[in-house]
Amino acid sequence: MATPHIAAEPGDFAPAVLMPGDPKRARRIAELLMDDARLVTDVRGMLGFTGTVNGRPLSVMGSGMGQPSFTIYATELFSQFGVERIIRVGTAGALSPKVKVGDVIVATGAHTDSSMNQLRIPGVNFCAVADFRLAAAAYEASQLEGALAGGEVHLGTVMSRDHFYFTPEGQTEALARYGVLGVEMEAAALYGVAAEYDKQALAILTVSDHLLDHSGDMSAAERETRFADSLRLAVAAAHS
C-alpha cells in the first residue's frame with residue numbers, strides 16, 4: 001500500500017512514530033534505540049525504520065524541513081499506515097530568558113506565520129495544540145530521578161516559522177515578550193494534521209541556540225549528538 005512518498009506495506013509502521021527532520025538522524029535514532037530496526041521506506045532518501053524498544057514496537061522516520069514537508073509525511077502516516085501518534089524530535093532556537101541552550105522544550109502549542117492551518121476552517125484562526133496526554137507523559141518522564149543528563153525541561157508554546165532566513169523586524173522580541181519559548185519550523189503543521197485525523201501529536205525540542213543571546217549556541221556537530229534528553233522523553237510519550 002505504497003503512497004506517493006512512502007514505500008511501505010500495511011503493518012510496516014508501529015502505532016507510534018518519532019520524526020526528526022533529518023533522515024540520517026532517523027537512522028542514528030533507530031540504531032541507538034533498537035537492536036532489530038529494519039528499513040521500511042526510503043523514497044526520495046527519506047528513511048523510515050521500525051523495530052522494538054523495551055519489547056514495544058516503535059518507528060522512526062525523517063520529515064524533511066518545514067511545514068509543507070512534514071504535512072506530507074504526517075498525512076500519509078496517519079491516513080494510510082495506521083499510525084496513531086507522531087512525536088517530532090527536533091531542535092529549536094530559544095526566545096525566553098528562562099530557556100538555555102541544551103534545555104528541552106515540550107511544545108504544548110505552536111503559533112505560526114504559515115497559512116497552512118488558516119486554510120483548514122474558513123474564518124477561524126486554528127489553535128495548533130499538542131495532545132495533552134503525550135505532553136503529560138513526557139513531562140512526567142522528565143521528573144524521574146536521573147531522567148535528564150543535561151538541562152531543564154520547559155512546557156509552553158513555540159513559534160513555527162515558514163522562513164528560516166527571513167524574520168519581520170521586531171517579531172522575535174515580541175514573541176519573547178508574550179512568553180513564547182522558542183522557534184522551530186514544523187510543530188504547528190503537525191498539530192493541524194493530527195487534529196484533522198483525530199490522532200495524537202507532540203513536538204519535543206532540544207534548544208540548540210538562543211535567538212537573543214548567541215553566546216552558547218551549539219555547533220553543527222553538537223546538534224547531531226546532544227538530543228539524548230529529548231529522545232528519552234519522546235520514547236516515554238510514544239509508549240504512554
Side-chain angles (χ1 to χ4, degrees), residues 1-54 56-92 106-107 110 116 130-131 134 137-138 160 184-206 223-225 227-228 230-240:
M1 188 183 64
T3 61
H5 307 96
I6 299 174
E9 297 298 325
D12 278 347
F13 281 96
V17 181
L18 307 187
M19 294 196 77
D22 185 352
K24 292 182 179 179
R25 186 178 295 176
R27 182 190 293 277
R28 284 193 291 275
I29 291 173
E31 292 172 348
L32 179 65
L33 293 178
M34 309 168 189
D35 295 327
D36 57 350
R38 62 186 179 92
L39 182 71
V40 295
T41 184
D42 61 358
V43 176
R44 295 173 178 254
M46 197 59 69
L47 307 178
F49 303 86
T50 294
T52 56
V53 177
N54 298 323
R56 301 183 64 180
L58 186 69
S59 295
V60 185
M61 183 177 173
S63 69
M65 290 187 290
Q67 297 183 76
S69 181
F70 209 117
T71 295
I72 288 172
Y73 294 109
T75 297
E76 294 183 10
L77 288 172
F78 281 145
S79 67
Q80 302 298 320
F81 292 100
V83 172
E84 294 296 325
R85 51 181 63 173
I86 293 175
I87 296 94
R88 162 162 154 68
V89 183
T91 57
V106 177
M116 297 190 72
D131 181 85
L134 298 188
S160 298
E184 54 87 72
M185 297 185 70
E186 289 85 17
L190 168 61
Y191 295 170
V193 176
E196 179 182 358
Y197 289 97
D198 192 24
K199 306 293 186 178
Q200 297 175 290
L202 180 66
I204 301 178
L205 310 164
T206 301
R223 292 183 188 213
E224 294 303 314
T225 58
F227 58 87
S230 60
L231 187 56
R232 192 173 296 111
L233 302 188
V235 172
H239 285 160
S240 61

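Under the side chain to side chain contact (heavy atoms under 4.5 Å, CB included) criterion, A130 pairs with Y191, L202, sequence neighbours left out. Applying the salt bridge (charged side-chain N to carboxylate O under 4.0 Å, His left out) rule to E196 yields the partners R120; only residues at least two apart in sequence or on another chain are considered. Contacts of R88 classified as salt bridge (charged side-chain N to carboxylate O under 4.0 Å, His left out), with partners at least two apart in sequence or in another chain: E184, E186. For E76, the salt bridge (charged side-chain N to carboxylate O under 4.0 Å, His left out) test picks out no residue, with sequence neighbours left out. For the side chain to side chain contact (heavy atoms under 4.5 Å, CB included) test, residues two or more places apart in sequence or in another chain that qualify with L32 are L231. Residues passing the ring-ring contact (aromatic ring centres under 6.0 Å, His included) test with Y73: none are found, sequence neighbours excluded.
Atom OG of S240 sits about 6.5 Å away from atom CD of Q200, to the nearest 0.5 Å. How far CE of M61 is from CG of L77: 5.5 Å, rounded to the nearest 0.5 Å.
Across all non-hydrogen atoms, the minimal contact from T50 to S59 is OG1-OG, 2.6 Å. When every heavy atom of V43 is checked against every heavy atom of I6, the shortest pair comes out as CG2-C, 4.1 Å. When all heavy atoms are compared, the tightest approach of T41 to H5 is OG1-O, 4.4 Å. The shortest heavy-atom contact between P23 and L47 is CB-N, 3.6 Å. In terms of heavy atoms, T206 sits closest to S230 at OG1-OG, 2.9 Å.
Using a distance-only test at 3.5 Å, with no hydrogens or angles considered, a donor-acceptor pair links the side chain of Q67 to the main chain of A189. Panel note: side chain R85, backbone A16; no donor-acceptor pair is recorded below 3.5 Å.
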(request) Evaluate the side chain to side chain contact (heavy atoms under 4.5 Å, CB included) criterion for residues D198 and F78: first the C-alpha distance (whole Å), next the side-chain angles of each, then the deciding distance (0.1 Å), finally the verdict. (result) CA-CA 9 Å; D198 192 24; F78 281 145; over 6 Å; no
(message) Between I86 and F70, is the side chain to side chain contact (heavy atoms under 4.5 Å, CB included) condition met? List the steps.
(response) CA-CA 11 Å; I86 293 175; F70 209 117; 4.2 Å; yes
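A salt bridge between D12 and R38 is present, with a side-chain N of the basic residue lying under 4.0 Å from a carboxylate O of the acidic one.
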